[in-house]
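Throughout, a chain's letter reflects where its sequence line sits, starting with A, and its residues are numbered from 1.
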Amino acid sequence: MTQPNQGKANRGEDFDIVVVGGGLVGTALAWGLGQTGQKVAVLDEGDVAVRPSRGNFALVWLQGKGLGMPEYAGWTKAATDSWGGFAETLREQTGVDIAYRRPGGFMPALSDKDLEDRANAMMRLHNQPDMVRYPYEVMDRAALLKEMPFIGPEVVGGTYCPLDGHCNSLRLLRALHSGMERNGVAYRPNHRVERIDPKDDGFRLTTAGGEIRAGKVVLAAGHDSARLAPMVGLEAPVRPQRGHVIVTEKTAPFLRHPTGYVRQTDEGGVMIGDSFEEAGFDTTLQPGVSSAIAARAIRFFPLLAKLNVVRSWAALRVLSPDGFPIYEQSTIMPGAFVVTCHSGVTLASNHALVLAPLIAAGGLTDAFTVFSARRFHVPQAA
Amino acid sequence: MSAADFDLAVIGSGPAGLAAAALAASRGLSTVLLDEQPEAGGQIYRAITDTPVRDRRVLGPDYWRGAELLGPLRDSGAVHWPGSTVWSVARPRDEDAAAAAGTSERTLQIGLSRDGAASMLTVRHVLMATGALERPFPIPGWTLPGVLGAGAAQILLKTSGLAPSGRVALAGTGPLLWLLAWQYLRAGVALDVILDTTPRANWRAALPLLPGFLRSPYLGKGAKLLLDVRRKVKVVDNVTALRAVGEGQLAAVVYRRGDEEERSLAADTLLLHHGVVPNLNLANATGCAQQWDEGQRCWRPTTDDWGATSVEGVSLAGDGAGIGGAVAAEQAGRIAALDILRRLGRIDRAERDAAAIPHREGLERALRGRAFLDTLYRPSAAFRVPADDTIVCRCEEITAGAVREAVRLGCSGPNQAKSFLRCGMGPCQGRLCGPTVTEVIAAERGVSPAEVGYYRLRPPVKPITLAELAALPKTEADVNAVQKH
């Protein structure tokens, strides 16, 4: 009865490419790598682990991203543009509907000052040299009411980007797992990686589930990449940032557009975020923080007040020092890569369709140099 | 000057909670007893003060014993807040607690909902006396109207004097099933049949434990009750398969005796029961370590001899810490209360130990024969681990087959399965599917449930409205956390 995918003790296995990490980043990469026909495995931890991919807000989002790194805005725009096709491919392959919708997203504002700050931030973002162009609007309350009739009296307006959307991220995870299986990718839970050593032309990974050998290794282990990257001549200086999320009971559809704080899921529940705390790896819920995001959500949409909260949780964003992704190939061990970001949903299409083929073919192109962790070692004189 | 509203909060007013609150308050701890229901009593003594079933012979002496616990509670000075739903227990951030108190005293915060308003209660110690839940009994058709748990039916009898009419079938195993049948007969309710699912093999396994049972207080009462029921109701033994059928409403119960042909019985009500398991949701969401109990085939929070959990300041007593029954729960409540008195500096270790002696003797007496009952009434695998097309998660309508498919894709435990399937994400917070999902995954993987684990739960463990949540007090740190930096 024991299933082959449950990773019982083995004598060691060989793969062309091993992806460390079974979250959205790791499975999107592995799905894409599997499409190339190489022999791929995903090594994951067990049933209980630090899993930001299970706690995210499920936005496929462009608006506001990239201030300080215009290349990131371009990369994100490409991801949102290819997301629809990616979701369709997964649906055709696995039958799982990820419920991707792209009705455009709003950042509503509760004061004139707030709205002005948002408008200015969008302008500064778009004034950057080499910034990708995309449409957005600053809307007043009357314009907002046409799109979102249930906003509260305090909402003065908001910014809108027609390219923003959202999905069902748990179904994305399930579709990727199902698709990986169809692509011949081996999934190995309970294989926490202890050590990575160079071996012959590749790597030997010592894991809780036995030894694994691979020609290439891709670190997509989220927070754990900070520990693993130095083993292959890379670095991933990421830290956890705690965010609270609340989910209400299912209710009749009232909100077609996702917003940065509140969105109604395809199943009818309402997700409410978000908060930002530096609290290490502590995922204890703070009732006061839940209360603060609940109070703000009711100011945006007063009809939420009467809904029951059915679940809440705190998840840990994987943040680099500047908040942007790290994509890097090891110079001393060129078969090793690190991939880390805190937008595993939005960037899933890029990871699967762009990054995975490059890794399978041998290496990252110059376009990725800007995402190297070397940017955190800016010379003092510069 | 203490920052706490109370020294001790006891959560749950069944036998463990009633006894513990009375003892703690009578010895000087400021104590609040919190419970969801409008009256004290828990499930076992539900509606003990105002049940419409006034004929004492119907519910029986074991029920009316609960009334004796109310006087000591009243006299103890404990504050009783019925109608209070606890949805969270957590330790506040150290800096917030210190700022509020001006001391470094360790406190816990209880998230509470009363009369539609949420509030936070600060206490020095929490005793959870959260009792038991019926073990889910997932058979084909168990979601049909007309099918319900025997425990739920018993609550209706206690609170409203309501009993099912028409053709009534009881099915399952365990003392509560027989007790309910006995109570119904006393109340003049006609029962059509009892389908006994106790596996034949259990008798062989239980036999070595019989000596303990022979010295138990259950023996005389239990034997008489069984005989009474068997004299008056048709009992089908050795039932090995069961399903409820009907179009939008129960019409018939189909069962198999041993390996005979299936038979069908017309029925309007089917009451299912195969034992109870600890109600561990609050302890789990508070972060208390828990363990698999192979004897009782359930998860229970890990406690020491005094009911202390792995979380500082949180103790547990009664069936919520492992099934022992009402009398054992009462004694365990007093033992836990004595240890809390010591932890809060009211008595020393020697005094605690001496005061606990009679309660430990009482506990030991009450637990005699428990191993025999656990073994005899252990439900068979066929009823704990259902076939593919049976629904296991009622909230999200997830079948056992879908759980097995998730295992095949690599889910090694219920938390991964939850991400894949949403099972356990509904309003019941896994109460109705958790034990089953763990067992299905364990059977599919060929490992013990101990290795598979259980859901990690999060507050709120009971639904509260967003408005209630939004009205809670917030510290500066809380408010800052939602301002984007």
Side-chain angles (χ1 to χ4, degrees), chain A residues 1-3 5-7 22 42 44 46-49 51 53-54 170-171 173-174 177-178 180-181 187-190 242-244 246-249 267 270 272 274-277 279 283-298 304-314, chain B residues 87-88 90-93 96 109 111 118 120 285 287 395-396 406-422 425-427 429 441 443-447 452-453 456 458-460 463-475 477-485:
Chain A
M1 292 227 284
T2 304
Q3 301 298 309
N5 248 359
Q6 287 298 334
V42 173
D44 200 1
D47 191 48
V48 173
R51 292 193 181 280
S53 288
R54 315 299 195 264
L170 292 181
R171 271 199 246 134
L173 188 71
R174 184 169 160 203
H177 272 272
S178 184
M180 287 195 311
E181 192 199 31
Y187 174 69
R188 297 282 180 264
N190 306 305
R242 183 164 70 190
H244 281 56
I246 298 170
V247 179
T248 72
E249 64 186 314
E267 285 153 336
V270 182
I272 296 166
D274 54 355
S275 63
F276 307 86
E277 288 176 284
T283 54
T284 310
L285 279 164
Q286 294 295 333
V289 175
S290 294
S291 179
I293 61 175
R296 183 176 58 186
I298 292 171
L304 295 175
K306 65 179 195 307
L307 294 180
N308 274 317
V309 174
V310 293
R311 281 178 296 131
S312 65
W313 64 83
Chain B
W87 44 266
S88 151
R91 192 164 301 285
R93 296 186 198 90
D96 292 347
Q109 274 193 321
M120 304 302 291
C395 300
E396 300 287 337
V407 173
R408 210 176 52 74
L409 282 178
C411 281
S412 53
N415 294 293
Q416 288 270 63
K418 187 160 82 172
S419 298
F420 274 49
L421 302 173
R422 299 184 56 84
M425 283 195 180
Q429 293 253 4
I441 295 174
E444 193 64 12
R445 289 181 54 197
V447 300
V452 168
R456 279 171 84 193
R458 294 280 178 270
I464 56 169
T465 67
L466 203 66
E468 283 182 84
L469 184 60
L472 290 177
K474 305 164 202 46
T475 66
D478 296 331
V479 175
N480 284 340
V482 304
Q483 312 291 340
K484 201 153 191 165
H485 305 296

Distance-only, no hydrogens or angles: does the [X] side chain make a donor-acceptor pair with backbone N or O of [Y] under 3.5 Å?
| X | Y | value |
| --- | --- | --- |
| B:D478 | B:T475 | yes |
| A:E249 | B:T465 | no |
| A:T248 | A:V270 | yes |
| A:R174 | B:A406 | no |

Counting heavy-atom pairs closer than 4.5 Å to chain A, which one of [options] comes out on top?
| options | answer |
| --- | --- |
| B:A90, B:G426, B:S419, B:G453 | B:S419 |
| B:I464, B:L472, B:V452 | B:I464 |
| B:Q109, B:K418, B:R422 | B:R422 |
| B:R456, B:R458, B:Q416 | B:Q416 |
| B:A467, B:P473, B:A285 | B:A467 |

Most heavy-atom pairs under 4.5 angstrom with chain B, which of A:G46, A:S178, A:S291, A:A314?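 Sorted descending by pairs with chain B, the first entry is A:S291.
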For [X], is it the side chain, the backbone, both or neither that has a heavy atom under 4.5 Å from a heavy atom of chain A?
| X | answer |
| --- | --- |
| B:P459 | both |
| B:A471 | backbone |
| B:M425 | both |

Which residues satisfy the side chain to side chain donor-acceptor pair (under 3.5 Å) test with B:N415, sequence neighbours excluded?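 Only A:D47 meet the side chain to side chain donor-acceptor pair (under 3.5 Å) criterion with B:N415.
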Residues which pass side chain to side chain donor-acceptor pair (under 3.5 Å) with A:E277, listed by chain and number, not counting sequence neighbours: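 Scan of A:E277 (side chain to side chain donor-acceptor pair (under 3.5 Å), adjacent residues dropped) gives A:R242, B:R93.
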Gap between atom CD1 of A:I293 and atom CG of B:L469 - 0.5 Å precision: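 The distance works out to 8.0 Å.
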Could you tell me which portion of A:L304 (side chain, backbone, both or neither) has an atom closer than 4.5 angstrom to a non-hydrogen atom of chain B?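 It is both, since atoms from each part get that close.
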